[in-house]
Amino acid sequence: MAVQELFPGTQVTIGPVIADGFYYDFARKEPFTTEDLNKIENKMKEIVDRDEKTYREVWKRNDAIEHFKKKGEIYKAEIIENIPEGEDVSLYFHGDWHDLCRGPHLSSTGKIGKYFKLTKVSGAYWRGDSNNEMLQRIYGTSWSTQKELDDYLNRIEEAEKRDHRKIGKEMDLFHFREESPGSVFWHQKGWSLFQKLISYMRMKQEIGGYQEINTPEILDRSLWEKSGHWEKFGANMYTSTTPDEKVFAIKPMNCPGCVQVFNQGLKSYRDLPLKMSEFGKVHRYEPSGALHGLLRVRAFTQDDAHIFCTEEQITEECLTVTNLILEIYKDLGFEDVILKYSDRPELRVGDDQVWDKSEAALLEAIKATKLEYSINKGEGAFYGPKIEFVLRDAIGRDWQCGTLQVDLNLPDRLGASFVDSDGNKKVPVMLHRALFGSLERFIGILIENYSGKLPFWLCPIQAIVIPISSDFDDYAKQVNSQLKKVGLSSEVDLKNHNLNYKIREHSLTKVPMLLICGKKEVDSNTVTIRRLDSKKQETMDLKKFLQKYSALNKAPSI
RNA sequence: GCCCUUGUAGUUUUAAUGUUAAAACAGGCCCUUGGUAAGGGUCAGUUACGAGUUAGAUUCUCGUCGAGGGCACCA
């Protein structure tokens with residue numbers, strides 16, 4: 001209403017309530033500017049002050065269409081045209097302004113209250129379809145008290161402080177650059193974190209009976225045509241044409257490669273379930289607007305695995321995978337996990353009977369976990385239904401990470417088979433699973449969850465040894481090399497700066513422990529521990545320290 | 001990909017239509033040898049790219065690329 005009073009000729013479309021506020025889409029030739037936002041906000045306050053009564057009227061559908069068409073509101077008219085013939089519609093009026101709404105509405109504009117703020121403008125497609133024209137959306141937030149509004153704004157600020165792009169820069173973990181948008185340049189510290197996660201997962205998978213393999217990054221186009229990826233995702237695949245004019249694709253997924261390993265040599269039913277894992281780096285040409293730090297990239301490493309098994313083994317294998325995923329999330333500090341089940345999408349490969357079978361099997365498995373789950377209709381992969389594992393972070397945000405998919409299509413398309421106990425060849429079932437999904441993305445989530453203050457066993461630098469003055473450099477170096485010998489990641493800081501300076505510097509990069517060495521420590525063969533965010537000091541015998549912290553240098557479940 | 005915003009040292013920012021474009025921090029060198037979140041001095045380093053307008057462009061216009069916020073997409 002405020003918008004139309006200020007900018008006559010602008011059409012309103014829809015304006016629903018969302019978490020923490022609302023938005024409203026408008027059709028107008030000129031874009032709204034930030035100053036417009038201020039003007040609109042002031043006008044809104046004015047309308048609230050006017051405290052106009054609103055009232056509801058029920059109209060005949062066709063009368064309402066006529067009414068909005070006459071006013072030039074073609075979008076509103078279109079919405080009503082989509083309401084079935086014969087149904088009545090409700091209109092809300094205040095002053096001489098009319099809106100279409102299922103209701104209910106507040107009884108007067110004064111009831112809106114003053115605790116709102118327009119936050120941002122953006123483009124949005126009419127009816128959420130990128131083939132339609134783009135409208136202009138104004139977002140706002142609204143609360144019933146000033147305090148709630150302030151709390152909300154603080155929450156946003158808190159999330160900004162945790163932004164992994166900012167912390168990643170401060171902690172010198174990684175960077176991005178124009179030469180390869182959406183691909184990470186990992187620095188030493190970030191790569192160390194990356195490797196720690198991988199070796200942790202290797203250990204978990206080793207225990208779980210997986211065999212780790214590795215397959216080519218570049219595979220002939222024909223393989224992707226066979227698997228169905230070329231048809232469905234060809235537009236988002238990187239390709240490479242060799243000097244002899246052959247077309248190869250840089251793998252966007254690991255599964256076709258993994259099936260090739262399965263296919264090499266005869267497999268017997270005695271080999272099943274066969275679990276093959278791969279830390280495969282995949283490339284996907286994501287739309288430029290989708291890129292977002294580590295959370296959405298064009299090149300990433302999947303902690304992928306494919307389990308080849310019989311139909312009878314599906315439920316048990318799915319359960320095992322689910323438990324492994326939950327255990328791993330717990331080790332990393334995420335206990336709040338939600339499951340989402342997605343069934344067949346419209347665009348898919350395979351017969352409906354096959355889909356019936358895989359959906360039933362996965363559903364049985366998810367029920368066997370006894371965990372709660374929600375259902376996403378039509379959101380499955382093109383080759384099979386899936387479970388997604390969504391974890392909730394320290395400030396209540398949800399992140400979709402792990403996935404588990406039952407696939408009765410690709411093994412057949414790619415010619416996988418095993419010899420069953422009756423001597424006949426059969427096509428195995430393939431389960432696709434990823435624990436974190438993308439290592440890159442998961443590291444982004446970890447950074448935001450912990451604000452960069454990672455669990456000790458994952459810290460790229462777990463301790464820095466600081467001599468009080470250069471007289472103690474030798475002792476400090478000696479302590480550092482002993483830490484390294486027991487497998488701790490440490491550094492020694494011999495720079496020509498005083499202690500205060502060094503403590504500040506390393507605290508800002510979130511090193512959990514600083515080991516101070518001066519005369520006292522040299523004489524008694526000890527170190528003084530200065531923990532991040534704690535002024536309390538603790539002096540400990542060096543041997544004891546090495547024992548204690550090398551024991552703590554691993555995931556809780558190991 | 002679409003809409004809006006945006007691009008100045010390694011980082012965070014700021015000033016500026018006309019000699020060497022500025023500050024802080026980080027970095028190099030020197031002094032300082034210090035007990036728990038910034039000791040002092042000094043040196044070096046910058047306008048995303050390409051066109052155009054102009055006597056002159058960091059500044060204005062257009063394009064390209066990137067980034068930010070959304071939309072759409074996400075095997």
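Residue numbers begin at 1 in each chain, while the letters A, B, ... track the order of the sequences. Please read all numbers here as calculations on a predicted model, not as lab measurements.
Applying the 4.0 Å criterion to OP1 and OP2 of B/G68, one finds that A/Arg165 has a side-chain N or O inside that range. Taking only side-chain nitrogens and oxygens, A/Ser288 comes nearer than 4.0 Å to OP1 or OP2 of B/G1. Using a 4.0 Å cut-off, some side-chain N or O of A/Lys169 falls inside it from OP1 or OP2 of B/U12. Note on A/Arg530: a side-chain N or O is less than 4.0 Å away from OP1 or OP2 of B/A37. In this model, the phosphate group of B/A75 is not approached by any side-chain N or O of A/Lys232 to a distance below 4.0 Å at OP1 or OP2. Here A/Tyr501 does not reach the OP1 or OP2 of B/U33: none of its side-chain N or O atoms lies under 4.0 Å away. Of the side-chain N and O atoms in A/Asn498, one or more sit less than 4.0 angstrom from OP1 or OP2 of B/G39. The side chain of A/Lys120 places no N or O atom within less than 4.0 Å of a non-bridging phosphate oxygen (OP1 or OP2) of B/C4. A sub-4.0 Å separation between OP1 or OP2 of B/A75 and a side-chain N or O of A/Lys386 is present. A/His292 has no side-chain polar atom (N or O) that falls below the 4.0 Å cut-off from OP1 or OP2 of B/G70. Between B/A26 and A/Arg504, no contact under 4.0 Å exists linking OP1 or OP2 to a side-chain N or O.
Between the NZ atom of A/Lys520 and the P atom of B/G35 there is a distance of 11 Å, given to the nearest Å. When the P atom of B/A26 is taken as reference, atom NZ of A/Lys495 falls 10 Å away, rounded to whole Å. Here the P atom of nucleotide B/G27 and the CG atom of A/Asp493 are 10 Å apart, to the nearest Å. Rounded to an integer number of Å, the gap from A/Leu514 CG to B/G35 C1' is 13 Å. As a whole-Å value, the separation of A/Lys340 NZ from B/C74 P is 13 Å. At whole-Å resolution of the value, CG in A/Asn376 and C1' in B/A75 are 16 Å apart. For A/Lys519 and B/U33, the NZ to P distance is 18 Å, given to the nearest whole Å. Distance A/His497 NE2 to B/C30 P: 13 Å, rounded to the nearest Å.
Between A/His432 and A/Tyr383, the distance from one ring center to the other falls under 6.0 angstrom. Taking the six-membered ring wherever Trp is involved, the centroid distance between the rings of A/Phe26 and A/Tyr24 falls below 6.0 Å. Taking the six-membered ring where the residue is Trp, the centroids of A/Phe116 and A/Phe22 are separated by 6.0 Å or more.
Applying the 5.5 angstrom centroid cut-off and the 30 degree plane-angle cut-off, the aromatic ring of A/Phe233 is stacked upon the base of B/A75.
Looking at heavy-atom distances under 4.0 Å, A/Pro181 makes contact with sugar-phosphate atoms alone, never a base. Residue-level contact check: A/Phe32 touches neither bases nor backbone, having no heavy atom under 4.0 Å from any strand. If you check every strand for non-hydrogen atoms under 4.0 Å, A/Asn236 touches a base. The residue A/Gly128 sits close only to the backbone: its heavy atoms come under 4.0 Å of sugar-phosphate atoms, none of a base. Within 4.0 Å (heavy atoms only), A/Phe176 reaches no atom of the nucleic acid at all. At the heavy-atom level, A/Glu379 lies nowhere under 4.0 Å from the strands shown. Base engagement by A/Pro287 is indicated by at least one non-hydrogen atom pair under 4.0 Å involving a base atom. Residue A/Ser122 is classed as a base contact, given a heavy-atom separation below 4.0 Å to a base. Across all strands, A/Ile466 comes closer than 4.0 Å to no nucleic acid atom at all (heavy-atom distances).
Both distances falling under 3.5 Å, in either a Watson-Crick or a G-U wobble arrangement, place B/G1 opposite B/C71. Under the Watson-Crick or G-U wobble criterion, with both distances below 3.5 Å, B/G27 is paired with B/C43. Under the Watson-Crick or G-U wobble criterion, with both distances below 3.5 Å, B/G35 has no partner in any strand shown. When both pairing distances are held under 3.5 Å, B/C60 makes a Watson-Crick or G-U pair with B/G52.
Comparing B/U53 with B/U59, their P atoms are spaced 15 Å from each other, to the whole Å. Taking atom P in both B/A16 and B/A21, the straight-line distance is 16 Å, to the nearest Å. For the C1' atoms, the distance linking B/U17 with B/C60 amounts to 10 Å, nearest Å. Comparing the P positions of B/U42 and B/A23 gives an interatomic distance of 12 Å, to the nearest angstrom. With both ends at atom C1', the span from B/U46 to B/A22 equals 10 Å, rounded to whole Å. Using atom C1' as the reference point in both B/C25 and B/G63, the two lie 36 Å apart (nearest Å). Taking the C1' atom of each, B/G35 and B/G39 are spaced 15 Å apart, rounded to whole Å. B/C65 and B/A48 have their C1' atoms separated by 8 Å, with the value rounded to a whole Å.
Judged by distance alone with a 3.5 Å cut-off, a donor-acceptor contact links the side chain of A/Arg296 to the base of B/C74. Looking at A/Asp407, its side chain has no donor and acceptor atom pair within 3.5 Å of the base of B/A75. Residue-to-nucleotide contacts include no donor-acceptor pair under 3.5 Å from the side chain of A/Gln136 to the base of B/G70. Judged by distance alone, with hydrogens and angles left aside, A/Tyr125 brings a side-chain donor or acceptor within reach of the base of B/G1, the pair sitting under 3.5 Å.
One finds no salt bridge joining A/Lys519 and A/Asp471 here, because no Lys/Arg side-chain nitrogen approaches an Asp/Glu carboxylate oxygen to under 4.0 Å.
Between A/Ser507 and A/Arg177, the residue anchored nearer the 5' end of RNA chain B, judged by the nucleotide with its closest heavy atom, is A/Ser507. Between A/Pro467 and A/Gly293, it is A/Pro467 whose nearest contact on RNA chain B lies nearer the 5' terminus.
Remark: A/Arg298 is positioned above the aromatic ring of A/Tyr285, its terminal NZ or CZ atom under 6.0 angstrom from the ring centre and at most 45 degrees off the axis.
At a threshold of 4.5 Å between non-hydrogen side-chain atoms, the residues A/Leu508 and A/Arg504 count as touching.
The distance from atom SG of A/Cys459 to atom NZ of A/Lys189, rounded to the nearest 0.5 Å, is 11.5 Å.
Inspection of the A/Gln462 and A/Ser490 side chains reveals no N or O donor paired with an N or O acceptor under 3.5 Å. A donor and an acceptor atom, one from each side chain of A/Gln260 and A/Thr215, are nowhere located under 3.5 Å apart. With no hydrogens or angles considered, a side-chain donor-acceptor pair links A/Tyr75 and A/Glu133 at under 3.5 Å.
The side chain of A/Met253 sits closest to B/A75 out of B/U32, B/C71, B/A75. Which of B/A75, B/C2, B/G66 sits closest to the side chain of A/Glu178 comes down to B/G66.
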